[in-house]
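Here's the structure we're looking at; comments come further down.
It should be emphasised that the depicted structure is a prediction, and the values quoted were computed from it without experimental measurement.
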Amino acid sequence: MLPTPPRAVIWRLGPSVARADIPALCDRLRLQLAARPRTTVLCDVRALDAPDLTTVEALLRLQLTARRLGHGIRLCHVPEALALLLTATGLTGILPAAPPPGMPPGTPPHPP
């Protein structure tokens with residue numbers, strides 16, 4: 001009997017992302033998700049050193065890649081700098097974040 005596939009895939013991003021890295025990141029994610037049933041990708045972004053708009057672009061492209069395959073991405077361990085950048089660009093709804101560990105569900109993952 002085969003084990004039940006996990007309901008979530010852990011994806012780690014960081015410490016930095018260059019624009020030239022984005023196509024390869026999307027290809028790697030596509031390969032990882034290709035044979036999986038509908039799942040959520042938990043994108044652990046705690047290792048990001050200095051998130052910038054290229055980081056946001058990479059996250060958006062990864063989200064698009066996942067959605068095209070019937071999956072979705074939720075950010076976890078979001079550094080304050082990235083949370084502020086996502087809030088400033090109005091992308092917190094498109095790149096949702098899981099609540100911090102130990103926090104009850106419904107707790108806002110980003111600072112106000």
Excluding sequence neighbours, so at least two apart, what forms side-chain contact (heavy atoms from CB on, under 4.5 Å) with [X]?
| X | value |
| --- | --- |
| C26 | I22, R30, R61, L62, T65 |
| T40 | L42, R74 |
| D49 | P15 |
| R68 | L64 |

Please find the pair of heavy atoms, one from [X] and one from [Y], that lie closest to each other, and give the distance.
| X | Y | value |
| --- | --- | --- |
| L82 | V45 | CD2-CG2, 3.8 Å |
| A83 | V78 | N-CG1, 3.7 Å |
| I94 | R67 | O-NH2, 3.9 Å |
| P23 | A20 | CD-O, 3.6 Å |
| I73 | Q63 | N-OE1, 3.0 Å |
| C76 | A98 | CB-CB, 4.3 Å |

*With sequence neighbours excluded, give me every salt bridge (charged side-chain N to carboxylate O under 4.0 Å, His left out) pair touching residues 81-96.*
none
*Output the distance between atom CG (L84) and atom OG1 (T92), rounded to the nearest 0.5 Å.*
11.5 Å
*Can you sort out the partners of D21 under side-chain hydrogen bond (donor to acceptor under 3.5 Å, both in side chains), two or more places apart, ordered by chain and number?*
none
*Please name all residues satisfying side-chain hydrogen bond (donor to acceptor under 3.5 Å, both in side chains) with E57, sequence neighbours left out, ordered by chain then number.*
R19
*Is any side-chain heavy atom of L75 closer than 4.5 Å to a side-chain heavy atom of L13?*
no
*Quick one: are V56 and L85 in side-chain contact, heavy atoms under 4.5 Å?*
yes
*Do you reckon L60 sits in the same ILVMFWY cluster as L53, going by side-chain contacts under 4.5 Å, direct or chained?*
yes
_same_hphob_cluster(V17, I10) at 4.5 Å side-chain heavy-atom cutoff_ = no
*asked:* Is it the case that the side chain of H71 and the backbone of T39 share a donor-acceptor pair, with hydrogens and angles ignored and the cut-off at 3.5 Å?
replied: yes
_Show every side chain to side chain donor-acceptor pair (under 3.5 Å) that has at least one partner inside residues 8-17, sequence neighbours left out._
none
*Quick one: list whatever passes salt bridge (Lys or Arg N to Asp or Glu O under 4.0 Å) with R46, sequence neighbours left out.*
D44
